[in-house]
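Only this structure's heavy atoms are used, side chains among them; waters, hydrogens and symmetry mates stay out. Letters A, B, ... are given to chains in the order of the sequence lines, protein chains preceding strands, and every chain is numbered from 1.
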There are 2 protein chains.
Amino acid sequence: MATSRSHRPATRSRGIPEATVARLPLYLRALTTLSERSVPTVSSEELATAAGVNSAKLRKDFSYLGSYGTRGVGYDVEYLVYQISRELGLTQDWPVVIVGIGNLGAALANYGGFASRGFRVAALMDADAALAGKLVAGLPVRHIDELEAIVEDNQVSIGVIATPAGAAQEVCDRLVTAGVTSILNFAPTVLQVPEGVDVRKVDLSIELQILAFHEQRKAGEQGQGPDGDVPAVMPA
Amino acid sequence: MATSRSHRPATRSRGIPEATVARLPLYLRALTTLSERSVPTVSSEELATAAGVNSAKLRKDFSYLGSYGTRGVGYDVEYLVYQISRELGLTQDWPVVIVGIGNLGAALANYGGFASRGFRVAALMDADAALAGKLVAGLPVRHIDELEAIVEDNQVSIGVIATPAGAAQEVCDRLVTAGVTSILNFAPTVLQVPEGVDVRKVDLSIELQILAFHEQRKAGEQGQGPDGDVPAVMPA
DNA sequence: ATGTCTTTGTGAACGCGTGCACAAAGATAG
DNA sequence: CTATCTTTGTGCACGCGTTCACAAAGACAT
Ligand SMILES: NC(=O)c1ccc[n+]([C@@H]2O[C@H](COP(=O)([O-])OP(=O)(O)OC[C@H]3O[C@@H](n4cnc5c(N)ncnc54)[C@H](O)[C@@H]3O)[C@@H](O)[C@H]2O)c1
Ligand SMILES: NC(=O)c1ccc[n+]([C@@H]2O[C@H](COP(=O)([O-])OP(=O)(O)OC[C@H]3O[C@@H](n4cnc5c(N)ncnc54)[C@H](O)[C@@H]3O)[C@@H](O)[C@H]2O)c1
């Protein structure tokens, strides 16, 4: 953190670490739950437990946003909800387009938690002409050719890709050209994007493989003889 | 990512860093593509580009697995595919249960890439009695009461949770009690698990919020458009 | 065998993230 | 007002992960 002694950061916190940003939604969720229960304040210890993190980490995270706590008491739940929401940009509306309305795309469209936090499905799009006009989650599927117009008309800056891997890069290029600058990619591909465009990926297959790695290691630790087929040991 | 694996004893286990493990599936995917094209060898530079990472990082990652490259030539694609597969534990079969066959659970069940890499759907489970017996992706939905028997009979060690958030912890507890030691959680909840159980989460909402944060920052930095520093908002 | 050329494997430096530990801040009670 | 008690905010140290940069290894040609 900067060497500033002022209580309030003069400018909007420019330097929020990426790791902190990734945890803010977690805190926000826990805080929202508390808010619904009309809990007025919460200590860093309680909130940290609810969010599944270390309390020192949580306090440091909040310190990047400013000093919103009261020593001896804790944090004001409502105020913190507002501050984090604002920091994450959730006080405004984010229209989103979902491209590829297959199994996954349809599930995403039906996902309630989508709209709950400022994210609004502006359009569902698919290349399959047979799908065009069909209602999914109350919205008509639009043909991919309308993408550019929809993105512009709705000021869409976030796109979700749920097409097969083979089509993902092409869809990505079109989204970017149309003006989308944030992409959430569910297809198992590494997307190539120009500077200034953010991509985040959700990859089921990778998650499972990571779990398998640890699972194998756990299985190998117990009992197995010294010559198991559990790989890779560095001689100490 | 959030794995309950953060408390590693001082013992420097088999050296593979967590960050490296998380990238191995990425390399494997790129290598599999090369393999299908019958490319015999690949340099760290080429492979790194395909995987979207830095070549030095890739070489260091591979160095944890051993010295599988040939200087002046590169890496043998087939050999590397095998080594990484073995390291990740993909040379064996991993039966998986999916709990909660709603929108998302059904999409997961239909997901082809699931079975492609040693992961086999052992059972689909749901608490809704009306779903019991219904075929999803060719498999009958089983009632949640059969969970313990199915986990034991099929030696299931990996469970996928796709239930509503409110049911996730309860389902998690049952999975763990039944013997599952790795969980992939799609519900927006922080799961509490005992030592030795790995949890990875996939959280659409969090990903979107992270994108929104950066999007807001991008919009605020350069006075974009006629609306000033606050991006245009759709009228309600 | 010798030299040249390519590419690996890794030492070292650096930066980020984490967690400990504690002084300071403020609430609360007397 | 003073004392006590709770909890924040953060300085600091440490470890992990990333990246640079280069010597060593090996292929290949002559
Ligand atoms: N289903 C899952 O649970 C799951 C899980 C993880 C990852 N994924 C990935 O998500 C993606 C979608 O999976 P799915 O099961 O929904 O597949 P799907 O085949 O059911 O749906 C894909 C949809 O994309 C459409 N499409 C194809 N090319 C297009 C294009 N150029 N432009 C617009 N639309 C196009 C198709 O018409 C189809 O409707 C795949 O890449 C898959 O690997 C799926
Ligand atoms: N749909 C999405 O794209 C999406 C995206 C991100 C996250 N999620 C999360 O994934 C979860 C599932 O989403 P969904 O859209 O499929 O919901 P859904 O309501 O369509 O399906 C939930 C299913 O879980 C079953 N269920 C409820 N309690 C259960 C229990 N105790 N044991 C077993 N099964 C039980 C229900 O019968 C239902 O079939 C939710 O937590 C949601 O927040 C969904």
Specify the separation, in whole Å, of atom [atom1] of [X] and atom [atom2] of [N].
| X | N | atom1 | atom2 | value |
| --- | --- | --- | --- | --- |
| B:L65 | C:dT10 | CG | C1' | 15 Å |
| A:Y64 | C:dT18 | OH | C1' | 10 Å |
| B:E18 | C:dG17 | CD | P | 17 Å |
| B:D61 | C:dT8 | CG | C1' | 14 Å |
| B:I16 | D:dG17 | CD1 | C1' | 15 Å |
| B:L58 | D:dT19 | CG | C1' | 14 Å |
| B:F62 | D:dT18 | CZ | P | 14 Å |
| A:D76 | C:dA27 | CG | P | 13 Å |

Sugar-phosphate only, base, or nothing, as touched by A:Y75 at under 4.0 Å among non-hydrogen atoms
sugar-phosphate

Of the nucleotides [options], which one has an atom closest to the side chain of [X]?
| X | options | result |
| --- | --- | --- |
| B:N54 | C:dA27, D:dT19, D:dT8 | D:dT19 |
| B:A19 | C:dG17, D:dT18, D:dA21 | D:dT18 |
| A:A56 | C:dT8, C:dT18, C:dC20 | C:dC20 |
| A:S63 | D:dC20, D:dT10, D:dT18 | D:dT10 |
| A:R59 | C:dG17, C:dT10, D:dT10 | D:dT10 |

Check whether any side-chain nitrogen or oxygen of B:S44 sits under 4.0 Å from OP1 or OP2 of C:dT7, and answer yes or no.
no

Donor-acceptor under 3.5 Å (A:S67 side chain, A:S63 main chain)
no

Looking at the base of C:dG19, is there any donor atom on it, or on the side chain of A:K60, that sits under 3.5 Å from an acceptor on the other one?
yes

So for B:R71 and C:dT8, does any side-chain atom that can act as donor or acceptor lie under 3.5 Å from a complementary atom in the base?
yes

So which heavy atom on B:D198 is nearest to which on A:L211, and how close?
CB-CD2, 4.0 Å

What about A:Y68 and A:F62, are their ring centers closer than 6.0 Å?
no

If you measure from the Lys or Arg side-chain nitrogens to the Asp or Glu carboxylate oxygens, is any gap between A:D203 and B:R29 under 4.0 Å?
yes

Do A:K57 and A:R23 come within less than 4.5 Å of each other through their side chains, counting heavy atoms only?
yes

